[in-house]
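One structure is given below, encoded as structure tokens.
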Amino acid sequence: MNRLSRHFTTNPSSRALLLPRILPNHSSGLFPNKILTLNPNQSLIQSFTRLSLHGPLSDAMAALETIDSRCLHAADPIDYLHLIKLCLSAGAADAGRRIHRHLTSAGYLPVLFLSNSLLGMYVRFGLIDDARQLFGNLPHRNVVSWTTMISAFIDIELGREALEFFVWMQRDGIRPNMFTFSSILRACDTLRDVWAMHCCAIKHGLDSDDFVRSSLIDAYFRCGDWESGHLVFNEIITGDLVVWNSVIGGFAQTGHGHEALKLFRQMKRAGFLAKQATLTSALRACTGMVFLEMGQQVHVHLLKYKPDLILNNALLDMYCKCGSLEQAEVNFERMHEKDVISWSTMISGLAQNGRSLEALRIFDLMKAEGAKPNYITMVGILFACSHAGLVEDGWYYFRSMNQLFDIEPGSEHYGCMVDLLGRAGKLAEAVKFIHEMEFKPDAIIWRTLLGACRVHKNVSLAAFAAQEILKLEPGDEGTCILLSNIYADAKQWSDVEQMRKMMRDRGIRKEPGRSWMDVGKETHVFIAGDFSHAQMEGIGRELERLISRISNMGYVPDTEFVLHDLGREQKEESIRYHGEKMAVAFGMMNSTSGKPIRIMKNLRICGDCHAFAKLVSRTEGKVIVIRDPVRFHHFQDGACSCGDYW
DNA sequence: CTAGGGTTAG
């Protein structure tokens with residue numbers, strides 16, 4: 001191919017010059033309009049131009065047929081571009097394929113912006129095989145062609161293939177651009193990949209592009225390296241909202257709520273207007289930190305925006321996880337648009353707050369409104385059943401998942417079933433269920449069984465379950481502690497000592513129990529046996545007062561949960577200063593009437609603190625809400641929402 | 001003609 005013809009085949013505007021203009025060579029220009037209207041081919045081309053730009057698609061396609069039947073090349077390549085857009089907006093894949101055939105026979109595939117548009121069209125229709133084939137047949141490929149394919153692969157989760165294409169394009173001598181990097185970074189799911197890609201972007205001088213940076217930040221956070229993500233953000237503080245959102249969202253999703261909220265404030269101070277995605281991340285940060293007050297402030301912000309489904313779902317989840325079901329329900333009812341996630345959030349939220357029956361009612365409502373439950377919805381439903389002891393219902397939902405909703409039960413569902421049977425004391429059935437599962441039980445399944453063994457005091461089965469966990473996760477500290485607790489409860493002191501020796505040898509240390517609560521703008525943390533709080537004297541006196549009040553109602557310290565082989569008095573002393581008891585006392589000292597005391601915990605609540613909180617809620621006429629890592633306990637009038645079943 | 005950020009469970 002000589003230079004001139006290459007110029008003509010790759011440069012669209014000059015390609016147009018090659019088109020057969022059916023005008024007489026000797027047109028004098030005297031009657032140009034007349035000549036044009038008189039020539040039937042020319043007027044066909046003109047109407048094709050008009051139709052491909054304005055539609056309707058069917059007429060434009062008919063014109064295309066006529067052009068074909070007269071063996072003509074059409075007018076300007078631009079017309080085809082418009083026609084492809086028309087196809088896209090009409091969702092007409094067949095017409096798209098028809099255009100593809102036409103362009104091939106007309107010899108237009110070398111015109112890159114046309115072949116790339118075709119590629120893009122196939123991708124957006126989800127026709128990856130057509131796109132692949134076209135890509136393979138292209139006489140020329142540029143960055144856009146390659147990037148279109150890479151992006152398409154990532155959309156359908158073929159990350160490996162995307163990365164292979166990224167390598168091949170460079171072997172072909174094509175340099176990636178910022179579009180390529182912002183796409184390919186989504187395919188990087190190991191830190192090594194991200195590093196390599198980051199280096200590559202630097203080499204091409206593209207690492208300070210905002211699109212590339214937001215993708216880099218996202219990729220680093222996804223691979224767990226939030227420091228690097230933050231570093232990329234800090235290199236240049238731009239006015240690009242998405243870069244802010246990437247870093248805020250990254251922190252929010254990885255449990256660094258403080259950082260996320262700090263950046264959120266920083267962003268507002270810098271004068272940027274938060275968008276829905278920003279607020280969603282801010283809410284998620286509040287959810288993770290159980291910051292009800294802060295979440296309510298974000299809620300106020302949110303009223304200025306037009307309703308957004310994802311944002312409302314995040315709001316719903318925030319209220320559920322902060323233990324404020326009333327506000328969650330109000331907002332749930334207010335939402336005029338609901339999707340599976342809204343329903344699932346509400347169902348799990350009710351279940352985690354001990355309102356299983358209402359969760360099941362919402363599920364009925366969901367089905368009545370024609371929403372289709374998904375995998376996660378069913379986890380919530382089974383969770384509701386297990387935490388309310390609804391064994392029969394649980395079995396029913398578990399068995400019907402497949403036929404009714406076309407959902408294949410996964411390990412999470414099996415886990416819920418083990419929990420359901422185990423909590424209900426049907427330990428033998430639970431073991432049988434585990435052995436009959438289609439797949440190999442994982443550590444979560446055994447841990448669930450171990451928990452049930454603790455509640456129902458089955459020491460030998462507990463030892464077996466713990467053994468299975470330690471096979472899968474050697475040296476898991478939670479398992480060691482739970483097992484030694486179970487031994488201690490059964491007064492098998494030599495086994496306790498053996499466990500503790502093993503833990504010492506392996507360097508396993510118990511995570512200290514912490515409880516925390518917000519008073520005003522401050523967060524107060526209480527650790528069992530730690531008396532360093534500034535108001536400790538007052539807390540001790542208040543604790544004394546509360547214990548004497550509830551002792552009159554029959555409270556006897558329950559030392560079952562004390563690990564050590566101590567005397568009774570020492571045991572009583574050690575549980576008296578559990579963090580949640582100190583927090584309740586502190587909460588009483590600083591309480592506003594009518595407002596519940598809200599306490600968060602990093603470990604699950606012990607039986608004695610549970611009994612304590614129930615009685616205090618009665619004698620003091622106070623609602624106490626304690627959130628442990630799995631669920632909420634709402635104490636009111638001497639009862640708990642969990643029904644003592646947790 | 002090709003690109004980036006947000007929601008549900010365990």
Side-chain angles (χ1 to χ4, degrees), chain A residues 12 77-78 80-81 84-85 88 111-121 123-124 141-152 154-155 176-186 206 209-219 221 240-250 252-253 274-285 287 308-318 320-321 338-349 351-352 373-384 410-416 419 442-445 447-448 629-630:
Chain A
I78 278 290
Y80 291 109
L81 195 62
I84 292 171
K85 280 188 192 161
L88 265 172
V111 182
L112 280 165
F113 80 83
L114 281 186
S115 44
N116 287 339
S117 296
L118 267 183
L119 264 186
M121 179 199 69
V123 167
R124 276 204 256 165
R141 301 178 189 96
N142 65 0
V143 222
V144 179
S145 332
W146 286 98
T147 305
T148 304
M149 291 308 289
I150 287 172
S151 173
I154 295 167
D155 284 343
N177 65 10
M178 51 270 252
F179 288 78
T180 322
F181 280 110
S182 54
S183 294
I184 195 72
L185 277 161
R186 286 196 295 139
L206 293 169
D209 176 79
D210 278 340
F211 277 79
V212 178
R213 284 198 323 131
S214 64
S215 306
L216 268 173
I217 294 168
D218 199 53
F221 272 100
D240 188 81
L241 194 69
V242 180
V243 177
W244 280 98
N245 291 348
S246 302
V247 72
I248 294 173
Q253 287 160 47
K275 285 289 265 273
Q276 282 95 330
T278 329
L279 294 177
T280 305
S281 292
L283 279 175
R284 169 125 182 211
T287 308
D308 181 284
L309 181 59
I310 299 179
L311 183 49
N312 272 322
N313 286 343
L315 183 71
L316 205 57
D317 192 42
M318 186 277 291
C320 286
K321 295 249 172 56
K338 296 184 183 99
D339 65 359
V340 219
I341 298 185
S342 327
W343 292 103
S344 306
T345 305
M346 202 61 228
I347 288 170
S348 312
Q352 283 161 348
N374 68 9
Y375 190 94
I376 295 175
T377 319
M378 295 315 294
V379 175
I381 289 298
L382 295 179
F383 183 94
S411 66
E412 287 89 348
H413 303 112
Y414 282 93
C416 286
D419 196 45
D442 58 10
I444 297 171
I445 300 266
R447 206 169 279 134
T448 307
V630 184

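Chain naming here is simple, since letters A, B, ... match the order of the sequence lines and numbering starts at 1 in each.
Residue A:Ser183 places no side-chain atom within donor-acceptor reach of the base of B:dA3, judged by atom type and a 3.5 Å distance cut-off alone. The base of B:dG4 does not come close enough to the side chain of A:Ser215 for any donor and acceptor atom to sit less than 3.5 Å apart. Counting atom types as modelled, A:Asp308 pairs a side-chain N or O with a base atom of B:dG6 as donor and acceptor under 3.5 Å. A donor-acceptor contact under 3.5 Å links the side chain of A:Asp240 to the base of B:dG4. For B:dT2, its base never sits under 3.5 Å from the side chain of A:Thr148 at any donor and acceptor pair.
The side chain of A:Ser182 lies closest to B:dA3, out of B:dA3, B:dG6, B:dA9. Listed nucleotides: B:dG4, B:dT2, B:dA9. Nearest to the side chain of A:Val242: B:dG4. Checking B:dC1, B:dT8, B:dG10 against every side-chain atom of A:Glu412, the shortest atom distance belongs to B:dG10. For A:Asp218, the side-chain atoms get nearest to B:dG6 when compared with the rest of B:dA3, B:dA9, B:dG6. In the set B:dC1, B:dG4, B:dA3, B:dG4 carries the atom at the smallest distance from any side-chain atom of A:Ser214. Among B:dG6, B:dC1, B:dG10, the nucleotide with an atom closest to any side-chain atom of A:Ala277 is B:dG6. Nearest nucleotide to the A:Ser281 side chain, out of B:dG6, B:dT2, B:dA9: B:dG6. In the set B:dT2, B:dT7, B:dC1, the nucleotide with an atom closest to the side chain of A:Asn116 is B:dC1. When distances are taken from the side chain of A:Val379 to each of B:dA9, B:dC1, B:dG4, the shortest belongs to B:dA9. The side chain of A:Thr345 sits closest to B:dT8 out of B:dT2, B:dT8, B:dG4.
Between the side chain of A:Thr180 and the main chain of A:Asn177, a donor-acceptor pair closer than 3.5 Å is present. Between the side chain of A:Ser115 and the backbone N or O of A:Leu112 there is at least one donor-acceptor pair closer than 3.5 Å. For A:Thr147 (side chain) and A:Val144 (main-chain N/O), no donor-acceptor pair under 3.5 Å exists by modelled atom type. When atom types are taken as modelled, the side chain of A:Asn142 and the backbone of A:Ser145 share a donor-acceptor pair closer than 3.5 angstrom.
Here A:Val243 lies in heavy-atom contact (under 4.0 Å) with a base. If you check every strand for non-hydrogen atoms under 4.0 Å, A:Leu241 touches a base. Contact annotation for A:Arg124: backbone-only contact, meaning every heavy-atom pair under 4.0 Å involves sugar-phosphate atoms and none involves a base. As judged by a 4.0 angstrom heavy-atom cut-off over every strand, A:Ser117 is placed among residues touching the sugar-phosphate backbone only. Within 4.0 Å of A:Asn312, counting heavy atoms only, lies no atom of the nucleic acid at all. Among the protein residues, A:Phe181 comes within range of no part of the nucleic acid, since none of its heavy atoms lies under 4.0 Å from any strand.
Side-chain nitrogen and oxygen atoms of A:Arg447 include none within less than 4.0 Å of the OP1 or OP2 phosphate oxygen of B:dG10. Between A:Arg213 and B:dG4, a side-chain N or O to OP1/OP2 separation shorter than 4.0 Å is absent. Contact annotation: A:Arg284 reaches the phosphate of B:dT7 (side-chain N/O to OP1 or OP2, under 4.0 Å). Phosphate proximity of B:dT7 to A:Lys321: absent, as no side-chain N or O sits under 4.0 Å from OP1 or OP2. Taking 4.0 angstrom as the limit, A:Gln253 places none of its side-chain polar atoms (N or O) nearer than this to OP1 or OP2 of B:dT8. When the side-chain nitrogen and oxygen atoms of A:Lys85 are compared with OP1 and OP2 of B:dC1, one or more of them lie within a distance under 4.0 Å. Taking side-chain N and O atoms only, A:Ser151 has a distance below 4.0 Å to OP1 or OP2 of B:dA3.
Rounded to an integer number of Å, the gap from A:Leu119 CG to B:dT2 C1' is 10 Å. Look at CD1 on A:Ile217: it is 12 Å from P on B:dG6, rounded to the nearest Å. Rounded to a whole Å, the CD1 atom of A:Ile184 is 17 Å from the P atom of B:dT2. The CG-C1' distance, from A:Leu114 to B:dT2, rounds to 15 Å in whole Å. When the P atom of B:dT7 is taken as reference, atom CG of A:Asn374 falls 16 Å away, rounded to whole Å. Spacing between atom CG of A:Asp419 and atom C1' of B:dG10 amounts to 11 Å, rounded to whole angstrom units. Whole-Å rounding puts the A:Trp146 CH2 to B:dC1 C1' distance at 17 Å. Atom-to-atom, CG of A:Leu311 to C1' of B:dT8 comes out at 15 Å; the value is rounded to the nearest Å.
In this pair, A:Phe113 does not lay its aromatic ring on the base of B:dC1; centres under 5.5 Å and planes under 30 degrees do not both hold.
Donor-acceptor pairing under 3.5 Å is lacking for the side chains of A:Asp218 and A:Ser215.
The nearest pair of heavy atoms linking A:Gly380 to A:Ser348 is CA-OG, 3.9 Å.
Atom CG in A:Asn312 sits 9.5 Å away from atom CG in A:Leu283 (nearest 0.5 Å).
A:Arg284 and A:Asp317 are not joined by a salt bridge, as no carboxylate oxygen comes within less than 4.0 angstrom of a charged side-chain nitrogen.
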